[in-house]
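Quick notes on the structure that follows.
Remember, it's a predicted structure, so these values are computed and weren't measured experimentally.
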Amino acid sequence: AFEDALDTLSEERLAELDELVFEATVPELQAAFSDGSLTSEALVTYYIWRIREYDLNRFNSVMELNQDVLAIAREKDAERAAGGEFGDMHGIPALLKDNIAAAGGNMHWTAGAWAMRDLVPDRDALLVQQLRDSGAIIMGKANLSEWANWIDLDMPNGFSTLGGQARLPYGPFDPQGSSSGPAVSAAANFTAVSVGTETSCSIISPAELPVSELAISLILAPGFKIDLNLLLSQLGDLAPHPSLEAIIAANDEDSANRVPYGQDSLILSQESAMTEEEYRQGFDEGRVTVIDRVNQVIDTYDIDVLYGDGFPYNAAGFPAITLPIGYEDTGLPRGILLTGGYLSEPALIQVAYAIEQTNPARVAPDLEASMSEIDALND
């Protein structure tokens with residue numbers, strides 16, 4: 001679907017785009033749009049080239065691309081040429097973790113699972129609607145730890161049956177989970193923006209922060225079954241299977257290929273006897289308890305921003321931000337975690353920005369060198 005566009009990329013043009021796009025922030029990309037040195041079509045084509053060159057069957061961060069992405073990019077260019085007021089994300093491509101629904105472009109919605117391989121959603125998740133409303137271009141779907149890392153403890157982080165093994169672009173290190181695909185694609189400059197989902201360290205852990213497990217209940221085993229079965233019932237005829245029980249049975253028909261690392265977590269969920277009422281009550285009570293405890297710490301010590309891991313921001317539904325601070329001798333990147341209370345995003349962003357300006361630790365990965373290291377270990 002993209003060969004004609006890719007054929008236009010001469011070595012000279014790629015060098016020009018490297019100067020404009022590589023490691024560029026969204027404001028920098030918008031500035032290039034404004035002065036005419038860059039178009040959304042060129043930006044998307046550049047990222048597609050990098051994905052084909054470096055990611056396909058190598059780092060495995062991208063599951064699939066939106067087949068309409070170049071046409072949408074041209075539409076954004078035409079809108080910009082016609083003039084008007086646009087949002088900060090207008091014409092900017094974004095990848096979505098493949099447990100986020102996005103309609104159109106023949107994009108699937110699989111959570112990386114074989115059993116969901118044919119599911120094509122007919123609607124957008126709310127955050128996808130908001131991205132589209134802001135003018136963003138949905139570029140495609142990113143790999144993940146299958147079922148958001150709820151399938152079997154023996155499965156390595158960053159693996160899904162459909163997407164393969166995502167690899168950290170800094171070398172032969174654990175890519176963490178479950179938003180490994182979004183993290184890798186952002187770090188490796190395969191997209192301008194990549195969206196993950198947070199359960200318990202699902203985003204901050206792939207961002208390479210050595211954190212402890214934070215507040216895994218949230219009653220996760222029964223909740224997985226209850227909410228998945230609810231989703232499948234709401235999908236109606238679109239649902240590839242009617243229930244978790246049916247998914248487990250389908251996997252068992254060819255477990256070596258469909259669940260190569262097992263599915264003990266799925267079975268644990270299926271065997272849970274907790275009722276939906278008990279689950280909802282336990283979830284709500286647990287969330288309130290954590291919120292109260294976190295707020296007590298914040299209020300007692302007059303905290304705006306807290307630095308350090310172990311703070312149950314996720315269980316409370318509070319925000320967190322992580323940013324790079326350096327690298328170990330092995331080349332493994334490290335970051336720090338900042339958290340705060342409800343609606344503390346402005347303070348978190350201000351503090352993170354100040355730290356980043358005084359300690360600009362980010363170094364783009366050398367993809368060829370990293371892949372060589374990974375290949376050497378595999379050999």
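- The closest donor-acceptor contact from the side chain of Ser179 to the backbone of Ser202 lies under 3.5 Å.
- Atoms CG and CG, on Leu65 and Leu95 in that order, are 7.5 Å from each other to the nearest 0.5 Å.
- Rounded to the nearest 0.5 angstrom, Tyr342 OH and Ile298 CD1 are separated by 13.0 Å.
- The distance from the CD1 atom of Ile325 to the CD1 atom of Ile336 is 6.0 Å, given to the nearest 0.5 Å.
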If you apply the rule side chain to side chain contact (heavy atoms under 4.5 Å, CB included), what do you find for Ile51 with Leu56, and how did you get there? CA-CA 6 Å; Ile51 290 167; Leu56 185 63; 5.5 Å; no
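- For Asp88, the CG atom is loosely surrounded, since the number of other residues' heavy atoms within 6.0 Å does not exceed 12.
- The number of heavy atoms from other shown groups lying within 6.0 Å of CD (Gln296) does not exceed 12.
- Under a 4.0 Å N-O distance rule, the pair Lys141/Glu64 does not qualify as a salt bridge.
- By the neighbour-count criterion of 12 heavy atoms within 6.0 Å, atom CD of Gln234 is densely surrounded, having more than that number from other residues, nucleotides or ligands.
- Between the side chain of Thr275 and the backbone N or O of Glu278 there is at least one donor-acceptor pair closer than 3.5 Å.
- By the rule that hydrophobic residues join a cluster once side-chain heavy atoms approach within less than 4.5 Å of another member, Leu377 and Leu332 end up as members of separate clusters.
- Grouping the Ile, Leu, Val, Met, Phe, Trp and Tyr side chains by contacts below 4.5 angstrom, directly or via other members, places Trp114 apart from Met116.
- Using a 4.5 Å heavy-atom threshold, the side chains of Ser145 and Phe159 count as separate.
- Using modelled atom types, one side-chain atom of Ser10 and one backbone atom of Arg13 make a donor-acceptor pair closer than 3.5 Å.
- Asp55 is not listed as a side-chain neighbour of Ser185, based on a closest heavy-atom distance of 4.5 Å or more.
- Under the 4.5 Å side-chain criterion, counting only non-hydrogen atoms from C-beta, Leu119 is in contact with Leu235.
- Between Gly326 and Ala361 the shortest heavy-atom distance is N-CB, 3.6 Å.
- For the salt bridge (charged side-chain N to carboxylate O under 4.0 Å, His left out) test, no residue two or more places apart in sequence or in another chain qualifies with Arg293.
- Heavy atoms from other residues, nucleotides or ligands lying under 6.0 Å from OH of Tyr353 number 12 at most.
- In terms of hydrophobic clustering, with Ile, Leu, Val, Met, Phe, Trp and Tyr side chains grouped at heavy-atom distances under 4.5 Å, Ile137 and Leu127 are assigned to a common cluster.
- For Leu231, the CG atom sits in a packed shell: over 12 heavy atoms of surrounding residues, nucleotides or ligands are nearer than 6.0 Å.
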Might you work through the side chain to side chain contact (heavy atoms under 4.5 Å, CB included) test for Val69 and Phe2, ending with a clear yes or no? CA-CA 9 Å; Val69 67; Phe2 311 113; 3.7 Å; yes
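- Between Asp264 and Ile151 the shortest side-chain heavy-atom distance does not fall below 4.5 Å.
- A salt bridge does not link Arg80 to Glu75: none of the charged nitrogens lies less than 4.0 Å from a carboxylate oxygen.
- The hydrophobic clustering, which links ILVMFWY residues whose side-chain heavy atoms are closer than 4.5 Å, places Val128 and Trp109 apart.
- Contact of the Leu168 side chain with the Phe59 side chain is not registered, since no non-hydrogen atoms from C-beta on lie closer than 4.5 Å.
- Judged purely by atom type and a 3.5 angstrom limit, Asp77 uses its side chain to pair as donor or acceptor with the backbone of Glu41.
- Side chain of Arg167 to main chain of Arg58: a donor-acceptor pair is present (N/O by atom type, distance under 3.5 Å, no hydrogens or angles).
- In this structure, Arg74 CZ and Ile72 CD1 are separated by 10.5 Å, a value rounded to the nearest 0.5 Å.
- Taking both residues in full, the closest heavy atoms of Gly163 and Asn60 are given as O-CB, 3.8 Å, listed atom of the first, atom of the second, then distance.
- In this structure, Leu162 shares a hydrophobic cluster with Met63, the cluster being traced through Ile, Leu, Val, Met, Phe, Trp and Tyr side chains under 4.5 angstrom apart.
- Nearest heavy atoms, Arg362 versus Ala187: NH2-O, 2.8 Å.
- Ile248 contributes atom CD1, which lies 9.0 Å from atom NZ of Lys225 (distance to the nearest 0.5 angstrom).
- Looking at Asp98, its side chain does come within 3.5 Å of a backbone N or O of Thr110 through a donor-acceptor pair.
- A donor-acceptor pair under 3.5 Å links the side-chain atoms of Gln165 to the main chain of Asn157, judged by distance alone.
- In this view, Asp124 and Arg132 satisfy the side chain to side chain donor-acceptor pair (under 3.5 Å) rule, not counting sequence neighbours.
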Intermediate values then yes/no, side chain to side chain contact (heavy atoms under 4.5 Å, CB included), Asp252 and Gln263: CA-CA 9 Å; Asp252 279 337; Gln263 55 178 342; 3.0 Å; yes
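- Looking only at side-chain heavy atoms (C-beta outward), Ser178 and Lys97 come within less than 4.5 Å of each other.
- When the shell of 6.0 Å around CD of Gln357 is examined, it contains more than 12 heavy atoms from other residues, nucleotides or ligands.
- By the criterion of side-chain heavy atoms lying less than 4.5 angstrom apart, applied directly or through intervening Ile, Leu, Val, Met, Phe, Trp or Tyr residues, Val193 is grouped together with Met107 in one hydrophobic cluster.
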Kindly indicate, with the supporting measurements, whether the criterion side chain to side chain contact (heavy atoms under 4.5 Å, CB included) is fulfilled by Leu29 and Leu38. CA-CA 8 Å; Leu29 294 174; Leu38 183 66; 3.9 Å; yes
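- Arg334 forms no cation-pi arrangement with Tyr327, by the criterion of a distance under 6.0 Å to the ring centre and an angle within 45° of the ring axis.
- What you find for Pro182 and Asn143 is that their closest heavy atoms are CD-O, 3.3 Å.
- In this structure, the side chains of Phe190 and Ser61 come closer than 4.5 Å at one or more pairs of heavy atoms.
- Residue Glu79 comes nearest to His90 through the heavy atom pair OE1-NE2, 2.8 Å, listed as atom of the first residue, atom of the second, then distance.
- When the shell of 6.0 Å around CG of Asp4 is examined, it contains 12 or fewer heavy atoms from other residues, nucleotides or ligands.
- Counting heavy atoms of neighbouring residues, nucleotides and ligands inside a 6.0 Å radius, atom CD of Glu245 does not exceed 12 of them.
- Taking the six-membered ring where the residue is Trp, the centroids of Trp147 and Phe224 are separated by under 6.0 Å.
- In this structure, Thr199 and Asn314 have side chains that are not in contact, with every pair of non-hydrogen atoms separated by 4.5 Å or more.
- A donor-acceptor pair under 3.5 Å links the side-chain atoms of Glu198 to the main chain of Ile203, judged by distance alone.
- Between the Thr39 side chain and the Ala42 main chain, a donor and an acceptor come within less than 3.5 Å of each other.
- We find the OG-CG distance between Ser37 and Leu20 to be 4.5 Å, quoted to the nearest 0.5 Å.
- The backbone N or O of Leu230 lies less than 3.5 Å from a partner atom in the side chain of Ser233, making a donor-acceptor pair.
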